[in-house]
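We name chains A, B, ... by the order of the sequence lines, and we start the count at 1 in each one. Values below: every heavy atom of this structure, side chains too, minus hydrogens, waters and symmetry copies.
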There are 2 protein chains.
Amino acid sequence: MHTTAHIITIGDEILYGQITDTNAQWISQELDAIGVKATQRLTIGDVREEILATLKYSEDRADIVLITGGLGPTEDDLTKPCLAEYFGVDTKLNEEALAHLTALFKRFKFELTPINKLQAHLPTNCQMLPNEIGTAPGMWFFENKTVFISMPGVPFEMKGLMKNVIVPKLKKQFELPIIYHKVVRTIGIGESWLADKIKPWSDALPSSMSLAYLPSLREVKLRLTTSGENLTTLQKAVDQQIDKLKEYVGKFIYGYNSDTIQSVVGKLLTSKNETISTAESCTGGHLAHLITSIPGSSGYYKGSVISYTEKIKQELLGVKAQTLAEYGAVSEQTAIEMAEGVRAKFGTTYAIATTGIAGPGGGTKEIPVGTVWIALATPTGTQAKLLSLAKDRMLNIEASSKSALAFAWQNFVQNS
Amino acid sequence: MHTTAHIITIGDEILYGQITDTNAQWISQELDAIGVKATQRLTIGDVREEILATLKYSEDRADIVLITGGLGPTEDDLTKPCLAEYFGVDTKLNEEALAHLTALFKRFKFELTPINKLQAHLPTNCQMLPNEIGTAPGMWFFENKTVFISMPGVPFEMKGLMKNVIVPKLKKQFELPIIYHKVVRTIGIGESWLADKIKPWSDALPSSMSLAYLPSLREVKLRLTTSGENLTTLQKAVDQQIDKLKEYVGKFIYGYNSDTIQSVVGKLLTSKNETISTAESCTGGHLAHLITSIPGSSGYYKGSVISYTEKIKQELLGVKAQTLAEYGAVSEQTAIEMAEGVRAKFGTTYAIATTGIAGPGGGTKEIPVGTVWIALATPTGTQAKLLSLAKDRMLNIEASSKSALAFAWQNFVQNS
């Protein structure tokens, strides 16, 4: 039987979409890592009735209820009074909390105002959890078999409390299994085609292992999840299944877990001590941005020429005027000359080029919006590929950049 | 009485924190904009019991239940069968959905697999909502006084459905108050300084008007919200307040609503029939990406040289070897020569250059990570500015690009 948790986020500003709730995701990851199964996340406003109803709802459904937000000193912060009301207790000045608060203010050389002092008033049935970097202490309640934990909404204060105080306490109080995930990253095949190809494999997965499809732009991630007592055993079991998976779709698998196509391309170039440059038209710098988002990319990436005019294509990339006149800027020939031009100019092992119609304007009957040519120049020749994408400018830019990196990756793998 | 909504996100990958749920926040904002009050957000896993229980929970508490996720063609996607079970109906092949799917696959030149075809099977009591860019149709249920809406989890598919189909249908079905928001976009001033400066103005706001601070990277948005019967009256009242606001912080206001610093810079260049180019080192293409993300940017943007090596800085941008030797690549002098070099080479009215240490590596005692020089070359001279940013590579890249655009915008405004 899993130890289950609900995560309750309290705050109008999150509910109305004015700020992003990054806490709930981070907490989910921390719980997942210690084998606590988050079964539900709830976000509610600073409304007494909502808070009380949600506490009851979660108490009935989870072993652990983690609450963030609504602990500020101002009147619109209702979490503390609502918790006291929910448990039918008063709030009193907590000497331990006051001592902690006084020390904190001394450290920051601030004067302790009456309104700050209010933050040391806690429900009488809670255990104070020291917040080393903020004025709102955390609270730990253990009533009717459920643990309630209240934390401030400020991310770095919440994270400090979770890491230093709450996770250790949870590990002590609950007997937790080990949960192991591994994400297999594929590119160049759609979700339904992938599902078709690997059906014999996924049907034969042991019942102890669950599979999830996580599609995103131009790629599909497969997540394998299993749990038990021994991490090494779990890892081995998952890796065995992944070896079998490779027999079906190995050529589409570019990486695992937090790998990205740009990080994998970077690793391959680094390992072979090779370099790359780019020439971008329709991707307008996004391809270079993906490459340079990787720390250390300056070790293998030399730069790019972004040519938004035919003049620049000719002068900086050496595309022939005749090529542009005969085939147009969006053509296989132009893409190839761009890639070869930038490769020569920057003196890199490889070069990637993109040229196309990102949209919304600029399309014709012959060359509609979403038509993109990508080319890869290598020491042994240049290849190009045509993409037929959608109508949305940003999606076309992102999809073209990712496809160009995938095109390079496939070439590197085939020739290594 | 408000029309209320619950937003249910279905998916293990979100519950376990493997991907961030950006959908719920976006949906909250859309609902807020049309006067629907989101009262709760729930995130649950791909678990039949959880889905059924949550549908009931939300039906009892909201007029509208918006559901995202779990609509993929694979077996771990349970939303559709659970909705059918919840309403006690079967799923059948929906001819309309099949026709739509067939047309979509024809457009993308893909073959329709049996698994894809399954996506056209819908609960018999739902109305199909056409998904223009994906294979999973949306579904609209209206049972027992509550509207249930099921959407795919892929953000751009969900957004298309919301904007084109769902929001219009909601406006038709519910009597919604007219809510009028206007967002004032400021750049170059922090939230607390802004709040200080405008306190007399914000204290004097009429009670019918609410103000929200929406800080994001390098900018702070101020959102004014008011509601009533007559849109023109509301707009006038808000614009009057904004005129007063300008007396306090006018020089920091670069735009309104969906404006971005890159779109505003683009409008200014277009109106003056002027052009711009860029030379990027530490921003690695992100600056060009921001500029080219604007439709029609090819009208004023000619391109960029991304120089990740000193050699390229010299050969393509004409930075002097002596400058690099004397001051280094991350210096005011180098930034200025980069901007002037690319301006001359691309023959543009203006040019922006960036050079700095994005990190995590490459920092020194004298030039720590986060040190960035930006320069703007104009027909009347070149100015540079030093930024001292944080330790995070991506944040430094994004902040530098935005600051460079803000630097150009300030110059354009002062000299127009």
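Of the two parts of A/L42, the backbone and the side chain both hold a non-hydrogen atom closer than 4.5 Å to a non-hydrogen atom of chain B. With a 4.5 Å cut-off on non-hydrogen atoms, A/L15 touches chain B through its backbone and its side chain both. Proximity to chain B is limited to the backbone of A/S307, based on heavy atoms less than 4.5 angstrom apart. Neither the backbone nor the side chain of A/I8 comes within contact range of chain B; no heavy atoms are under 4.5 Å apart. Residue contact with chain B, scored on non-hydrogen atoms closer than 4.5 Å, is absent for A/L287. With a threshold of 4.5 angstrom between heavy atoms, A/L214 approaches chain B through side-chain atoms but not through N, CA, C or O. Contact annotation for A/I10: neither backbone nor side-chain heavy atoms come within less than 4.5 Å of a heavy atom of chain B. Only the side chain of A/L395 has a heavy atom closer than 4.5 Å to any heavy atom of chain B.
For the side chain to side chain donor-acceptor pair (under 3.5 Å) condition, the pairs that include at least one residue of residues 26-35 of chain A, sequence neighbours left out, are A/S28-A/R41, A/D32-A/H181.
Atom OG of residue A/S192 and atom CD1 of residue B/I115 lie 6.5 Å apart, to the nearest 0.5 angstrom.
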Query - Pair A/E50-B/R61, side chain to side chain contact (heavy atoms under 4.5 Å, CB included): steps then yes or no - result: CA-CA 10 Å; A/E50 285 284 333; B/R61 287 164 180 78; over 6 Å; no
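A/K311 meets the salt bridge (Lys or Arg N to Asp or Glu O under 4.0 Å) test with A/E315; sequence neighbours excluded.
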